[in-house]
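Before any comments, here is the structure.
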Amino acid sequence: MGLVVYNTFSRRKEPFEPVAAGRVSIYVCGPTVYDLPHLGHARAAVAFDVIRRTFRALGYDVTYVMNITDVDDKIITRANEEGRSPFAVADEYTRAYQASMARVGVLPPDIAPRATGHIIEMVALVEQLIGTGAAYPVEGGDVYFSVRSFGKYGELSNRSLDDMRAGERVEPDPRKRDPMDFALWKGAKPGEPSWPSPWGPGRPGWHLECSAMSMKYLGESFDVHGGGQDLIFPHHENERAQSEAVTTAPFVRFWLHNGFVTINEEKMSKSLKNFVSLDDVLAQYPAPAVRMLLVAAHYRSPIDFSPDGLDEAGAMWQRFSTFARNATDALDAAPEIDDGRPLSFEADFFAALEDDFNTPSAVAVLFELVNAGNVLVEQVEAGGDPRLLRAHLATFSKMAGVLGLDPLTQWPAEESGAEIVGSLVESLLEMRERAREARDFETADLIRERLVKAGVVVEDRPGGPRWRIKR
RNA sequence: GGCGGUGUGGCCGAGUGGUUAGGCAGAGGUUUGCAAAACCUCGCACCCCGGUUCAAUUCCGGGCGCCGCCUCCA
């Protein structure tokens, strides 16, 4: 089979072939840190986290870079509103972003470069662009990129400069040669953070950092560049223009873009003020449910956010985690034998992921395994051969882990005081067992009802009761 | 207006030229002191109109609906 990936550039699926055999270099546009991350950020982070894990599972040596944009108009605006330094704002929300993403199981990138740490590289890039005639400085310390100088401008987003001119909405800056020219470097205004440059003190334009940092860490040509669909134009178009105007080499082989999270069928975004912060969602729903919601749809499709959707995703997750636990318990009582035979589920699972990271199909395979596995659990509990179940559980763990949804290795109890709660539940269950032994079911049921009310589900098993927290 | 995407059973959501997606919810059953969990069974879906074909939800053409980008945005 082999991996096939949808490339925004060609607008079709293509067989994946990396620049260097066996290795994959990935650059994903990270957040501009001026506010708390919302569900949309989580969607992008999880989408590319799964993509990254898939590459790894397929045997590639992966280098994964996600930047932090920590100098930007909005950060400055926010800092001014709050009367503090832009650096403090950026630092606060960088931490918030990293912490929130970790909560939904996103692995930290191999490299997480910050724009402000790469001013030298960016200035050098601008100098080279001026040298080739692709950029020009103007009065006021700004430097612009000349889109007309780059013949391939518009190829990525599939639009022509002439068509776009019709859509001009703001009156063009008279200093620009073409209205579509964009700023590589912005001359400093009073009160703004700035760095010295040949064109006077200033700061980098938004697109510049990604060109400078991706090429620094991954080379002039790398394999995968990712981000939200809203970044295709102008951000990625401009990045490509800047980069290739200097190197003349193909900047990126595969452009991947994730779909949006919507609310009431409308894009979630800061400007529409309809966003839900990730932390707010996590305060009400378990993290694995949130991740399940994101993984149960294809990464290029929109996902509509709703409480019902999260509840359903939570139910799906419950089925995963219940199986893992039931299987583990059944196997604990069984002899340690493993015949190491690969199951057909594994081939189906990876075939799904190799088709443009089709996580919904992959999830379906996991459910099929869970179903077969649950049947085996009962057989093993009845004294049957544990080998097949052991293989199922191991395979399940491995595959679910590729999606970042392995109940066995992830999602430790976040609740503070979990141990205390645990011992209290155990005590109550002990009393309930005594009541049950005395056939005092009234008392036994009362205890169980109270526990259920508190969010604890009790399961009576042949070997004694078992409980779990349900939200 | 330009460009891109999309329309699947109550809901979410894959996919395919003729053969079971999967899940959630719901109904019945097995099991259980009762539950929970699990298992079994059930609903015969593919926006509309043409066309190609022995056969189309799947291909082609047209139409309608919805979403996104074209300005900062994951």
Side-chain angles (χ1 to χ4, degrees), chain A residues 8 11 28-32 34-35 37-48 66 69 72-74 77 97 154 157-160 162-170 180 206 226-235 237 257-262 265-272 275 292-293 296-298 300-304 306 308-309 311-320 322-323 325-326 348 352 355 358-368 370-371 373-375 377-378 381 436 439-442 444-445 448-449 452 457-462 465-468 470:
Chain A
T8 303
R11 277 158 270 130
V28 177
C29 286
T32 300
Y34 70 101
D35 202 349
H38 58 67
L39 258 189
H41 293 101
R43 154 77 133 164
V46 168
F48 287 100
M66 182 189 265
T69 299
D72 166 89
D73 289 351
K74 278 176 292 201
T77 302
Y97 178 85
S157 54
N158 192 34
R159 52 191 84 196
S160 80
D162 297 316
D163 287 345
M164 285 188 284
R165 300 195 65 143
E168 284 166 26
R169 294 193 215 169
V170 273
M180 293 304 295
W206 173 39
Q229 282 172 354
D230 47 356
L231 297 182
I232 297 170
F233 188 89
H235 184 53
E237 189 71 66
H257 294 95
N258 64 274
F260 298 125
V261 175
T262 60
E265 310 285 305
E266 205 174 39
K267 178 184 173 184
M268 177 185 292
S269 76
K270 301 264 170 110
S271 43
L272 291 174
F275 66 92
M292 180 67 85
L293 179 75
H298 186 85
R300 285 190 281 116
S301 304
I303 294 178
D304 201 51
S306 70
D308 284 352
D311 285 338
E312 185 184 324
M316 293 167 79
W317 167 252
Q318 285 292 331
R319 194 160 160 79
F320 271 28
T322 302
F323 164 66
R325 198 163 98 150
N326 289 350
D348 292 343
D355 181 12
N358 191 333
T359 53
S361 279
V363 169
V365 175
L366 281 169
F367 276 111
E368 283 168 13
V370 166
N371 198 48
N374 276 325
V375 173
V377 167
E378 296 197 350
E381 282 174 351
R436 289 183 74 209
R439 317 271 318 157
D440 177 6
F441 294 121
E442 202 178 324
D445 289 351
R448 187 174 61 198
E449 278 163 26
V452 168
V457 180
V458 179
E459 297 175 20
D460 288 323
R461 315 268 309 178
R466 192 163 68 180
W467 64 278
R468 63 190 157 85
K470 179 175 186 173

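Each chain gets a letter, A, B and so on, in the order the sequences are listed, and its residues count up from 1.
Judged by distance alone, with hydrogens and angles left aside, A:D308 brings no side-chain donor or acceptor close enough to the base of B:C24 to form a pair under 3.5 Å. Interface remark: the A:E312 side chain does form a donor-acceptor pair with the B:G23 base, using a distance-only criterion of under 3.5 Å. You'll find a donor-acceptor pair under 3.5 Å spanning the side chain of A:K267 and the base of B:C73, going by distance alone.
Within the nucleic acid shown, A:S269 comes within 4.0 Å of at least one base atom, counting heavy atoms only. Counting any heavy atom pair closer than 4.0 Å across all strands shown, A:V261 reaches a base atom. Note on A:G40: a base of the nucleic acid sits closer than 4.0 angstrom, heavy atoms only. Using a 4.0 Å heavy-atom distance criterion, A:G259 is classed as a base contact. If you check every strand for non-hydrogen atoms under 4.0 Å, A:I232 touches nothing. Within the 4.0 angstrom heavy-atom criterion, no nucleotide atom of any strand lies near A:P37. As judged by a 4.0 angstrom heavy-atom cut-off over every strand, A:V458 is placed among the base-contacting residues. As judged by a 4.0 angstrom heavy-atom cut-off over every strand, A:R325 is placed among residues making no nucleic acid contact. Residue-level contact check: A:D73 touches neither bases nor backbone, having no heavy atom under 4.0 Å from any strand. Across all strands shown, A:G227 has heavy atoms under 4.0 Å from sugar-phosphate atoms exclusively, and none from any base.
With a cut-off of 3.5 Å on both pairing distances, B:A25 has no Watson-Crick or G-U wobble partner at all. Base-pair partner of B:G43: not found among the strands shown (Watson-Crick or G-U wobble, both distances under 3.5 Å). Pair assignment for B:A38 gives B:U30, based on Watson-Crick or G-U wobble hydrogen-bonding distances that are each under 3.5 Å. Nucleotide B:A55 is matched to nothing when pairs are restricted to Watson-Crick or G-U wobble geometry with both distances under 3.5 angstrom. Across all strands shown, B:G61 forms a Watson-Crick or G-U wobble pair, both distances under 3.5 Å, with B:C49. Remark: B:G4 base-pairs with B:C67; criterion is Watson-Crick or G-U wobble with both hydrogen-bond distances under 3.5 Å.
Between A:W317 and B:C24, a side-chain N or O to OP1/OP2 separation shorter than 4.0 Å is absent. Distances shorter than 4.0 Å separate none of the side-chain N or O atoms of A:N158 from OP1 or OP2 on B:G2.
Atom OG1 of residue A:T8 and atom CZ of residue A:R300 lie 8.0 Å apart, to the nearest 0.5 angstrom. The distance from atom CZ of A:R468 to atom CZ of A:R325, rounded to the nearest 0.5 Å, is 7.0 Å. How far CG of A:D311 is from CD of A:Q318: 11.0 Å, rounded to the nearest 0.5 Å.
B:C64 and B:C47 have their C1' atoms separated by 8 Å, given to the nearest Å. Between B:G29 and B:G65, the two P atoms lie 48 Å apart (nearest whole Å). When the C1' atom is compared between B:A56 and B:G50, the two are found 13 Å apart, to the nearest whole Å. As rounded to the nearest Å, B:C12 and B:A25 have C1' atoms that lie 10 Å from one another.
Distance CZ (A:F260) to C1' (B:C69): 7 Å, rounded to an integer number of Å. Whole-Å rounding puts the A:N358 CG to B:A21 C1' distance at 11 Å. Per the geometry, CZ belonging to A:R448 stands 15 Å off P belonging to B:U32, to the nearest Å. Distance, A:M292 CE to B:G13 C1': 13 Å, rounded to whole Å. When the P atom of B:U71 is taken as reference, atom CD of A:Q229 falls 17 Å away, rounded to whole Å. As a whole-Å value, the separation of A:F441 CZ from B:A35 C1' is 12 Å. The distance between atom CZ of A:R436 and atom P of B:A36, rounded to the nearest whole Å, is 14 Å. For the pair A:H298 NE2 and B:G13 P, the interatomic distance rounds to 13 Å; values are reported in whole Å.
RNA chain B is contacted by both A:S361 and A:V365; A:S361 maps to the nucleotide lying nearer its 5′ end (nearest heavy atom per residue). Nearer the 5' end of RNA chain B, as judged by each residue's closest nucleotide, is the contact made by A:R11, out of A:P31 and A:R11.
In the set B:G33, B:C73, B:C40, B:C73 carries the atom at the smallest distance from any side-chain atom of A:K74. The nucleotide whose nearest atom lies closest to any side-chain atom of A:E368 is, among B:A37, B:G22, B:C24, B:G22. Side-chain atoms of A:N374 lie closest to B:A38 of the nucleotides B:C70, B:A38, B:A21. Side-chain proximity of A:P360 to the nucleotides B:C72, B:A74, B:A14 is greatest for B:A14. Counting only heavy atoms from C-beta on, A:A297 has its side chain closest to B:G13 among B:A74, B:G13, B:A37. In this structure, of B:C24, B:C3, B:G33, it is B:C24 that holds the atom nearest to the side chain of A:M316. Here the nucleotide nearest the side chain of A:R159, chosen from B:C39, B:G2, B:G68, is B:G2. Of all nucleotides listed (B:G33, B:C70, B:A74), B:A74 comes nearest to the side chain of A:H38. Side-chain atoms of A:R319 lie closest to B:C39 of the nucleotides B:C39, B:G4, B:A21. For A:A364, taking side-chain heavy atoms from C-beta onward, the closest of the listed nucleotides B:A37, B:C73, B:A21 is B:A21.
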**Request:** Go through the steps to decide whether A:E237 and A:R159 satisfy the test salt bridge (charged side-chain N to carboxylate O under 4.0 Å, His left out), and finish with yes or no.
**Result:** CA-CA 10 Å; A:E237 189 71 66; A:R159 52 191 84 196; 5.8 Å; no
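When atom types are taken as modelled, the side chain of A:D355 and the backbone of A:N358 share no donor-acceptor pair closer than 3.5 angstrom. Distance alone, capped at 3.5 Å, is enough to place a donor-acceptor pair between the A:T359 side chain and the A:A297 backbone.
The shortest side-chain heavy-atom distance between A:F260 and A:Q229 falls under the 4.5 Å cut-off. Side-chain contact between A:F323 and A:V377: present, with at least one pair of heavy atoms (C-beta onward) separated by less than 4.5 Å.
Between A:R319 and A:N371 the shortest heavy-atom distance is NH2-OD1, 3.5 Å.
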